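Note on naming: letters A, B, ... go to the chains in the order of the sequence lines (proteins, then strands), and numbering restarts at 1 for each one. Nothing here was measured: the structure is a model prediction, and the numbers come from that model.
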There are 2 protein chains.
Amino acid sequence: MAATPRQIAEEELGSSAQRDRRRRIIDATIALASKGGFEAVQMRAVAERADVALGTLYRYFPSKIHLLVSGLGAQLERALDRMRRAPIPGDTRGDRMLYVLSRITRGMQRDPHLTEAMTRAFMFADTSAAAEVDLVARQIEELFTLALGKEEPSEEDKAVARVIGDVWLSNLVAWVTRRASATDVTNRLELTVRLLMRD
Amino acid sequence: MAATPRQIAEEELGSSAQRDRRRRIIDATIALASKGGFEAVQMRAVAERADVALGTLYRYFPSKIHLLVSGLGAQLERALDRMRRAPIPGDTRGDRMLYVLSRITRGMQRDPHLTEAMTRAFMFADTSAAAEVDLVARQIEELFTLALGKEEPSEEDKAVARVIGDVWLSNLVAWVTRRASATDVTNRLELTVRLLMRD
DNA sequence: CACGTAACTGAAACACGTTCTATTATCGGC
DNA sequence: GCCGATAATAGAACGTGTTTCAGTTACGTG
């Protein structure tokens, strides 16, 4: 009788060897993406670099998109941790938001290929990766909600954070395809913040 | 001596036979996308349906992404034409914007597969399709600038239009991956308009 | 009308994401 | 320590986007 062994469960990886494999896979993905962007993240190359068989790679991540979006999730989680730890400088909501925006934007400019790979994966994802994508979307929301620097964000605060997240994503896509320069992105984000927060 | 015959020039298609081929290709693309979304737009299928050889298809559109984004551009151009013709109802900027938003949103809901195919192609495009993508981006900007219903949009008007376009795109992506329902999208867009236009 | 060039065709070939198969290693429970 | 089940491995195989190429056709020009 063929059971249904498909799909590895959540983050519930039993043995430490499995946790380690997973980490190696994500590391390999990020290294390859960082060097050559989306197209350089080839499943055979990831498997080889992570020292797992191709089939194993697919058991951990059912597609290239899952893989890259999961990597993005991992990176964002780290960014969020840093963000949660240190208080955000700035006197007004707007100042704090601009601070966070410029920090993140600089971060992504530091590794254009990685940014390109992850952004495109995130945007291209289909419904099969909706869970992973949704996680990232919530992380982005939290990031910009934190940026407001309030203990208890109001509904309006959350809405503002979401709009800024949306604008940020659009600009990220434009930057990644070189339709917008870093300066363009910065200007548009500042303008957006000004429009949304008149305090 | 091998010349460099690569790449078909802009819209400068000489003969009417060529214009016709191009139209057949776009039509085939839209028909296939409409029926089965991004994955159903297979280059061999498009070629067959448009009654051209695969090589010819690639001569007109250098990739599947170019093809779909060009199709999106064509559709948007039609939408813009309609929009330019009839005046937009509504007393305030916000009302007119909401009118346009709901019209477009309904339009996309009417053909989910087509929307999915085009949205994902637009978002996934790399630098090689930057020209086509940029055209679409400008069309979207114009659409929402028109929606403000002013003869001479101010700089702020344009900025607002761009922000709304960005939010709309993000929500489109979320809807396409079924992370957001149509109602979610509508609500978020209304909220955004409210935040941006307090008149 | 004949010619030369560029466009089109049909088919094969290639690349990379994904799936499948046969085999071997590992792990949890006895 | 042994057994059955689950996971991992190596490698082949498949599908679809993309490229290439040899032969054919259509078109503008002398």
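Atom CD of B:Glu48 is separated from atom P of C:dA11 by 12 Å (rounded to the nearest Å). Atoms CD1 (B:Ile25) and P (C:dA7) sit 14 Å apart, rounded to a whole Å. In this structure, B:Leu57 places its CG atom 16 Å from P of C:dA7, rounding to the nearest Å. Protein atom CZ of A:Arg24 is 17 Å distant from nucleotide atom P of D:dA7, rounded to whole Å. Spacing between atom CD1 of B:Ile65 and atom C1' of D:dG17 amounts to 10 Å, rounded to whole angstrom units. Atom CZ of A:Phe124 is separated from atom P of C:dG17 by 12 Å (rounded to the nearest Å). Rounded to an integer number of Å, the gap from A:Gln18 CD to D:dT6 P is 13 Å. In this entry the distance linking CG of A:Leu54 with C1' of C:dG17 reads 9 Å, nearest Å.
Residue pairs meeting the side-chain hydrogen bond (donor to acceptor under 3.5 Å, both in side chains) criterion with at least one member in residues 31-55 of chain B, sequence neighbours excluded, are B:Ser34-B:Asp111.
Of the candidate nucleotides D:dT9, D:dA7, D:dG17, D:dG17 has the atom nearest to the side chain of B:Tyr58. The listed nucleotides are D:dT9, C:dT9, C:dT18; the one nearest the side chain of B:Ala53 is C:dT9. Candidate nucleotides C:dT9, D:dA12, C:dA7 were compared by shortest atom distance to the side chain of B:Arg59, and C:dA7 ranks first.
Close placement of the B:Phe38 and A:Phe124 rings is indicated, their centers lying within 6.0 Å of each other.
OP1 or OP2 of C:dC8 has at least one side-chain nitrogen or oxygen of B:Tyr60 nearer than 4.0 Å.
Across residues 33-44 of chain A, A:Arg44 each have a non-hydrogen atom less than 4.0 Å from an atom of DNA chain D (numbered order).
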